[in-house]
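As structure tokens, the structure follows; a few thoughts come after it.
Order of the sequence lines sets the chain letters (A, B, ...), proteins ahead of strands, with each chain counted from 1.
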Amino acid sequence: MNSRDDKMTSSTAPQTPASQANPAQASNDTRAPVTARSAKFKWPPEASILMVLVGISLFFEALGWYINGQSFIFNAERLQIIILQMSVIGIIAVGVNMVIITSGIDLSSGSVVAATAVVSASLAQVSDFPRAVFPQLTDLPVIWPILAGMTVGMLIGLLNGSLIAFTAIPPFIATLGTMVAARGFAKWFTGGMPVSMLTDDFAWIGSGANPVWIFLSIAVIFHIVLRYTRFGKFTYAIGANRQAARVSGINVNRHLIWIYTIAGLLSGIAGSVTAARAISGQSGMGVMYELDAIAAVVIGGTSLVGGLGRVTGTVIGVLILGVMMSGFTFIRIDAYYQEMVKGAIIVIAVIADQYRNKKRGR
Amino acid sequence: MSDQATMEHPETRAAHAPPASAGAAPLLEIQGIRKGFPGVVALDNVGFKLRAGTVHALMGENGAGKSTLMKIIAGIYIPDQGEITLKGQRVTLKSPIDALSKGIAMIHQELNLMPHMTVAENVWITREPKNAFGFVDHGALYRNTAELFRTLNIDIDPRAEVQTLSVASRQMVEIAKAVSYNSDVLIMDEPTSALTEREVAHLFTIIRSLRAQGKGIIYITHKMNELFEIADEFSVFRDGKYIATKLSTEVTRDDIIKMMVGREITQMFPKQEVPIGEVVLSVRNLGLNGVFRDVSFDIRAGEIVGMAGLVGSGRSNVAETLFGVTPASAGTIHINGEAVRIDTPAKALACGMAFLTEDRKETGCFLALNIQENMDAAVLNQRYVSGGFVQSKQLSTDCIAMAQRLRVKTPNMEEAIQNLSGGNQQKVLVGRWLLTNPKILILDEPTRGIDVGAKAEIHRLVSELASQGVAILMISSEMPEVLGMSDRIVVMHEGHVTGILDRKDADQVSVMDLAAK
């Protein structure tokens, strides 16, 4: 390539002297050609998080034998419960992960779960229930409550995104507002009463391992979106440097609206799943889910600074959270301690993130 | 060739390096410093001597190790090996505060002032004068600052909030702050990179008076003229190794470049004569409320139009408005004779424009991402995407080809961009825009803060692009660059165009005359 440059400059620019033909510059170019990937094998960033998951599991395994005289991990029923319990958080976390990659935050997820749970449950009631919310709209095909839940979730997400894109308020404040408002909506909608007597079809969504399959499908879809599509690439670019992304021709506002709308949509799906699992929609559902989701995302290696994070990490983060909570119950630690420990874990994860940032920054 | 340069370097030369008052013990002596980072040795057995009452420039391409050495002297990095002797005493510098307390102050390239606090509060931070009750004595604070500024001949209101100051003024505040520590050694890392010529002159006056007071000043710069103007002696580094120390009076510009790059760059501005084509970009009465007005000029295919002016004259604002970052409030833009309305960068890109911004860190690099991801950000709205999915194979091939064409120094495209030197980062960003095949290329300070070698490569590239018919608008504060590269020069002053000079009529004096009107 050096020779090509030489020809170019010396033929078209007689006044350019021999600098380009200089042998030293040629020697400068003898370095190895640029390759797409590093030749050295590098562990994927998820490897260390996976080690943490394994370590925590082994910790509880050892304690399990010591305290309870039985295995913690090799118990199919327990594993099922862990994954089942965490799948709702997992569905939310996939959306929150994208929000955090753009260096934003979504505090409204838990309230969106409540709002969408009550709305979708209200359209899934059986006709022989005398106190249905919409007496004319009972025994509907299961698609309607699901669509209603998704729509409500998307609308709240759209509101979040629009506030963040078109006003100067930070995501923290915008989603704090919708967090309070969505919870209020759920309470008003139900009048404080549970929305119950739901159809079997609707309850089926939350039965067996279905929530797990929903979670995993969503995780796979958004893993592909983030890694292989332009939408994904732009998500990272916006998180890494919003100004530079804009100058690079990325429509940052439109993209952010999409991101928050997707996060709302996923919370909406989580809401329907929650209602289906409980066979009831209640305004008190999903309290603190947003924090569990954020914790899972941060534990999974997504940087709060933006621009970094993968769905695989988030899935492992969700599992870590699930194993911890189940493990504490297993070794009979009080639920109140659990919350304190959870708080500590979130802080530790963020400290680890900052340490990594510092190391990267040299 | 590179042998030739290394042949020159040997110890014989370095041995009688501090030629003038060689008898006096140096103020600061660095010996056998080694510093490694994971995977790279940044400094290898490096040393030099700083004598009191001199300005000692450190020269070298980006990545040569100057900044690392500075950070060691300022206590930011701890060296793996080596000795630091300050005023005859061996010292270890454990932290910046430690270095400061021993009389070594660094003025950072990225300014470290708190924007919402006043000038005086910034200067005396952590050392505020206290009254009898232990509260900050603001009267004394402002008096001390005014006094300090008087001795340095700085004309800045100590009560002004830092955010209201220009970059140049902030630089002065930083220098005053460093001086206020009564430091013997002052480290200046490219202090003039954001200053206009007049401000540079002021800075140099201050540096000379500090020198006269017997302080030792370590001065990092990429600008050759400054070296001859301000430095008494200089040391050259290359690839983490010490090359030589010389008096700035005993060498020529070409000698230094030769030492820095290990090769000769005899022509800094390889401007080619290329046929000038039709008008591509035509700007008429462009304005942005309160910033600039009535800006009119044309750029033809193959033409390089330089834009000169003092900092704050609105040059960069014009560029941002052209590219839709800050949409115009008045005026028209025609591209290839067609009126266009550009109110977002996305539209500018669609019109065939590209914009290399002034601030690599703020509006250029995605620091968390790798080279590949930094390079492909702008082109994905045009190409390499099918059904939303990125065609990564083709994209990767083309990005690698671009990296090689631009001689980005990296083993692979997965390297994080923040591990690259400034010059290589700039090349990656240039690559980002070249991938979009621009018809109009706006370059805002394309060679700011990058080393001589990379600079020459970017100049050659710009020239090559012009020869391919790209219309180029190049903003630069470096007069030789503007004069050397431009076919015509648009000069701005306080938000309007004061003149457009042809290449043949333009020289330092005529441009400055229009810029400082």
Side-chain angles (χ1 to χ4, degrees), chain A residues 1-2 4-5 8-9 12-20 22-29 31-40 42 224-225 227-234 236-241 243-251 253 303 305-308 357 359-362, chain B residues 1-2 5 37 261-267 270-274 323 325 344-346 348-350 355 357 362-369 372-373 376-378 380-381 385 388-390 392 396-397 400 403-405 407-416 418-419 432 456 460 463-464 467:
Chain A
M1 80 149 264
N2 195 50
R4 189 196 50 129
D5 276 11
M8 193 281 302
T9 37
T12 50
Q15 85 278 26
T16 307
S19 70
Q20 274 76 30
N22 198 301
Q25 220 162 25
S27 74
N28 200 27
D29 251 28
R31 64 180 182 275
V34 181
T35 57
R37 289 181 210 302
S38 170
K40 263 191 294 181
K42 267 198 294 193
I224 292 169
V225 167
R227 290 213 64 180
Y228 303 108
T229 69
R230 171 167 60 193
F231 186 85
K233 287 207 146 226
F234 283 179
Y236 288 104
I238 289 170
N241 188 337
Q243 284 303 320
R246 181 156 181 261
V247 175
S248 299
I250 297 171
N251 191 332
N253 284 346
S303 171
V305 184
L308 284 173
N357 284 336
K359 231 169 88 180
R360 269 194 300 268
R362 274 233 286 256
Chain B
M1 162 68 242
S2 56
F37 293 107
V261 299
R263 59 179 187 262
E264 272 177 84
I265 299 175
T266 37
Q267 169 64 275
K271 172 86 182 83
Q272 304 169 31
E273 292 302 326
V274 299
F323 202 68
V325 180
T344 63
L349 257 150
F355 178 28
T357 55
E362 288 295 314
T363 52
C365 292
F366 302 110
L367 285 175
L369 307 186
Q372 169 70 42
E373 291 160 336
D376 64 27
L380 289 177
N381 268 327
V385 175
F389 283 85
V390 177
S392 34
S396 165
T397 313
I400 289 174
Q404 269 165 343
R405 175 181 170 201
R407 300 183 199 185
V408 178
K409 272 187 205 164
T410 179
N412 63 70
M413 302 293 280
E414 277 189 332
E415 191 68 37
Q418 58 184 352
N419 293 343
R432 177 191 294 169
R460 200 183 54 223
S463 191
E464 180 191 328
S467 76

Where [X] and [Y] come nearest, the two heavy atoms and their spacing:
| X | Y | answer |
| --- | --- | --- |
| B:Gly364 | A:Ala244 | O-CB, 3.3 Å |
| B:Phe366 | A:Ala240 | CB-CB, 3.7 Å |
| B:Glu373 | A:Lys233 | CG-NZ, 4.1 Å |

Which of the residues B:Val274, B:Leu349, B:Ile400 is involved in the greatest number of heavy-atom pairs with chain A at under 4.5 angstrom? B:Ile400
Which atoms of [X] come close to chain A, meaning under 4.5 Å heavy atom to heavy atom: side chain ones, backbone ones, both, or neither?
| X | value |
| --- | --- |
| B:Leu380 | both |
| B:Ala377 | both |
| B:Phe323 | side chain |
| B:Val325 | both |
| B:Ser392 | neither |

Judged by atom type as modelled, is there a donor-acceptor pair below 3.5 Å linking the side chain of B:Asn381 to the main-chain atoms of A:Gly249? yes
Atom CZ in A:Arg230, atom CG in B:Asp376: separation rounded to 0.5 Å? 11.5 Å
Not counting sequence neighbours, which residues clear side-chain contact (heavy atoms from CB on, under 4.5 Å) with B:Ala346? List them please. B:Thr344
Of all of A:Ala245, A:Gly307, A:Gly239, A:Gly306, which one pairs up most often with chain B through heavy atoms under 4.5 Å apart? A:Ala245
Given the options A:Val225, A:Ile224, A:Thr229, which has more heavy-atom pairs under 4.5 Å with chain B than any of the others? A:Thr229
Any side-chain heavy atom of A:Arg246 within less than 4.5 Å of one from B:Thr363? no
Apply salt bridge (Lys or Arg N to Asp or Glu O under 4.0 Å) to B:Glu414 and list each qualifying residue two or more places apart in sequence or on a separate chain. A:Arg37
